[in-house]
Number of protein chains: 2
Amino acid sequence: MTLGRRGLLAAVLAATATPAAAAPADPLPSWRDGPARRAILDLIRRTTRPGPGFVPPEARVASFDNDGTLWVEQPMYPEVVFALDRLPAVVAADPSLAERPVVRAALAGDLAAVFAGGAPSLFELVAVTHAGMTEDAFLPLAEAWFRTWRHPRYARPQTALIYQPMIELLRLLRREGFATWIVTGGEQGYVRAVSRSLYDVPVERVVGSDLRAEFRLVEGRAEVLRRPTIAAIDEGPGKALGIARAIGRRPVLAFGNSDGDVEMLQYATSGSGARLGLLLRHDDAAREYAYDRESRIGRLARGLDLAPGAGWVVVSMRQDWRRVFAWEPAAA
Amino acid sequence: MTLGRRGLLAAVLAATATPAAAAPADPLPSWRDGPARRAILDLIRRTTRPGPGFVPPEARVASFDNDGTLWVEQPMYPEVVFALDRLPAVVAADPSLAERPVVRAALAGDLAAVFAGGAPSLFELVAVTHAGMTEDAFLPLAEAWFRTWRHPRYARPQTALIYQPMIELLRLLRREGFATWIVTGGEQGYVRAVSRSLYDVPVERVVGSDLRAEFRLVEGRAEVLRRPTIAAIDEGPGKALGIARAIGRRPVLAFGNSDGDVEMLQYATSGSGARLGLLLRHDDAAREYAYDRESRIGRLARGLDLAPGAGWVVVSMRQDWRRVFAWEPAAA
């Protein structure tokens, strides 16, 4: 910002001296050559270079689901683990919550009963454990959990379980002038706690499920209090609505992994001009997990049925990714 | 993007050849020297230069009300004029709407009756006239209205009735690394139709009142349909809630002009560190309008009462602005 003319020239010379450093030879080193990688590079080329598919930078929007698309969601959505971890303290503070059937089932460790209620039950559990405090107070609480919890299989924090190929894709898109958004079924504040540090996505570009909130003056200080009720579920059709409300444009590229992402892909790829819908298929039990049509978590059935007709690209974790995590060696 | 090294150097030389062009001597030429201007420049200096008040660029958020803060809202909120203009066509398409009392009053030209219902009546009028179409279809409709309607006093389109001092302030803030947001009681899509062309604010940085929406597949194409019901009123406490939801941070600077902006200012200035709340007082009947405590439109009473204790700066249009509109000659 305060570079003089001489300093600016020097910076330009340094930046252009080694073209390879400015634009790496391979922007997606963790992606194997194949239809998925080619579709991505082709979409970026068509929308950013002069030609009929050109999209002005302001309209370059890419939207990504989080659970199962940017990070591991098995064997249990991380946010539900967080909710279960918090539940005893929350119920101790407000014993009346234990009267809710889903809370009782969760406290008893009966996850089958929790899941039997479907998405509404999960969201109720999220609501009661993410509420009862101010917006400002929630953030450090979530951050603390991310520092302490370890994944049962990988023995690493959730923050280490982000997919390296997706990080490369986010970076490439931003370098090409795209705004990268996270459109998550998770509660917005929970994902915002880590969006910058994990994905380099600022909090205002995280659209998620939303708690009812209340404005209050607490000892003269204005606060926004989180209420234990879901105002909007950002899943399925809710993802398209969340995109229209928060982004105000159809994404040029949308990337998901489950049936809850179908409407986001439909909304993106129904737009005019070049568009790309992508679904990550978890078919890699060796490095991650293998699940789709029958899974309780991240079920992908309708999406697979619709993909061929809609022109969406199904990404195979096993075939399309040389590595899943940054800490793994890359395969050939 | 595709500049070679030689082209990039040439561009840098051209951009740095006249330093004066990069940073104008006076970034706020339409503002007279005085407490308001000084408070603004002081806040920007403290938050952007090294020191105890420094705010990292990512947290530099400035939020602006629209009606009466960025553009003229008298003698009637422009959006209500738009709603009244659209009403006959909307009722012709759906005659059952005429059964709503506020619609009947508006059709009869009885604005006193419309206003007697307070904000809910106005928002109902907005809802029925902004709905019944897709998100994509609404935008050109609003744009067309902005091209044709002329203000009764100025005989200019609403788009010419933006305040030049505020345009300068928005530009200065952005140059200093602030993200400038519009937080409006108006319906979000209506303000988004002109936010980029008037204020250089992209659609995703407009937070406003929100219609219920519905996802639908129309002949295989995914659409978001606007429903004639308000989901969230972005006014009063709703502005603080809208900011928490959409921006996820307390603004460093918040600028409003009516009692509907009080909670936005409270939310901004309750944050830690350097903060600034500003209220524009319309006291300039010669160049614009003079109204505050008793006005039906843009009433400012509670705000004036709270300002001294809260440390908010009341900006006098008459004293603090050399000019109101870009097409006016500047006064001394």
Side-chain angles (χ1 to χ4, degrees), chain A residues 1 4-5 8-9 11-13 15-17 19 48-50 58 61 135-136 176-177 179 181 188-189 192 196 202-207 210 212-218 220-224 231-232 236-241 243-250 263 265-271, chain B residues 1-2 4-5 8-9 11-13 15-17 19 48 58 61 135-136 177 179 181 188-189 192 196 202-207 210 212-218 220-224 226 231-232 236-241 243-250 263-271:
Chain A
M1 290 298 170
R5 183 172 163 184
L8 190 49
L9 279 177
V12 167
L13 288 170
T16 56
T48 61
R49 307 300 185 256
E58 153 149 353
V61 168
E135 277 295 324
D136 294 352
E176 296 287 353
W181 290 74
Q188 200 162 262
R192 283 177 171 177
R196 171 59 90 186
V203 292
E204 70 270 21
R205 291 203 174 141
V206 176
V207 183
D210 199 29
R212 284 213 186 286
E214 188 184 323
F215 177 84
R216 254 199 231 166
L217 288 174
V218 182
R221 189 180 144 93
E223 296 287 2
V224 169
K239 290 208 175 191
L241 302 182
I243 288 170
R245 188 189 67 186
I247 311 181
R249 297 174 186 280
R250 292 178 191 256
E263 285 83 359
L265 267 66
Q266 287 175 324
Y267 193 57
T269 59
S270 292
Chain B
M1 291 297 171
T2 53
R5 184 172 162 183
L8 190 49
L9 279 176
V12 168
L13 288 169
T16 57
T48 60
E58 154 148 351
V61 168
E135 277 296 322
D136 295 351
W181 290 74
Q188 200 163 263
R192 283 177 170 176
R196 171 59 90 186
V203 292
E204 70 270 21
R205 291 204 174 139
V206 176
V207 183
D210 199 28
R212 284 213 186 286
E214 188 184 322
F215 177 85
R216 253 199 232 164
L217 288 175
V218 182
R221 189 180 144 94
E223 297 287 0
V224 169
R226 310 176 127 237
K239 289 208 177 192
L241 302 182
I243 288 169
R245 187 190 68 185
I247 311 182
R249 297 175 186 280
R250 293 178 190 256
E263 284 83 359
M264 173 170 79
L265 266 65
Q266 287 175 324
Y267 192 56
T269 60
S270 292

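Each chain gets a letter, A, B and so on, in the order the sequences are listed, and its residues count up from 1. Computed from a predicted model, the values in this text were never measured in an experiment.
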- Message: Between A:Gln188 and chain B, with a heavy-atom cut-off of 4.5 Å, which part of the residue counts as in contact: side chain, backbone, both or neither?
- Response: side chain

- Would A:Glu204 and B:Val207 count as a side chain to side chain contact (heavy atoms under 4.5 Å, CB included) if you check the C-alpha gap in whole Å, the side-chain angles of each, and the deciding distance to 0.1 Å? CA-CA 12 Å; A:Glu204 70 270 21; B:Val207 183; over 6 Å; no

- Under 4.5 Å to a heavy atom of chain B? For A:Ile243 that would be neither

- Task: Please state whether the side chain, the backbone, both or neither of A:Arg221 comes within less than 4.5 Å of a heavy atom of chain B.
- Result: both

- Correct closest heavy-atom pair for A:Arg196 and A:Pro202 would be NH2-CB, 3.8 Å

- Query: Can you find a heavy atom in the side chain of A:Phe215 that is under 4.5 Å from one in the side chain of A:Leu217?
  - Reply: yes

- Message: Need one label for B:Ala240: side chain, backbone, both or neither, based on atoms under 4.5 Å from any heavy atom in chain A.
- Response: both

- Query: Of all of A:Glu214, A:Arg249, A:Arg250, which one pairs up most often with chain B through heavy atoms under 4.5 Å apart?
  - Reply: A:Arg250

- Would you call B:Arg245-A:Glu135 a salt bridge at under 4.0 Å N-O? no

- A:Arg216, part contacting chain B, at a heavy-atom distance under 4.5 Å: neither

- Looking only at heavy atoms, the pair that brings A:Val203 and B:Ile247 closest together is CG2-O, 3.6 Å

- Query: Which bit of A:Ala213 is near chain B, if near means a heavy-atom gap under 4.5 Å: side chain, backbone, both or neither?
  - Reply: both

- Task: Side chain from CB out, backbone as N, CA, C, O: work out which of these in A:Glu223 comes under 4.5 Å of a heavy atom of chain B, or both, or neither.
- Result: both

- Note on the structure: Between A:Gly248 and B:Arg192, the two heavy atoms sitting closest are CA-NH1, 3.4 Å

- chain B contact via A:Glu263 - side chain, backbone, both or neither, heavy atoms under 4.5 Å: both

- Write down the atom of B:Gly220, the atom of A:Ser270, and the distance for their closest heavy-atom approach. O-OG, 4.2 Å

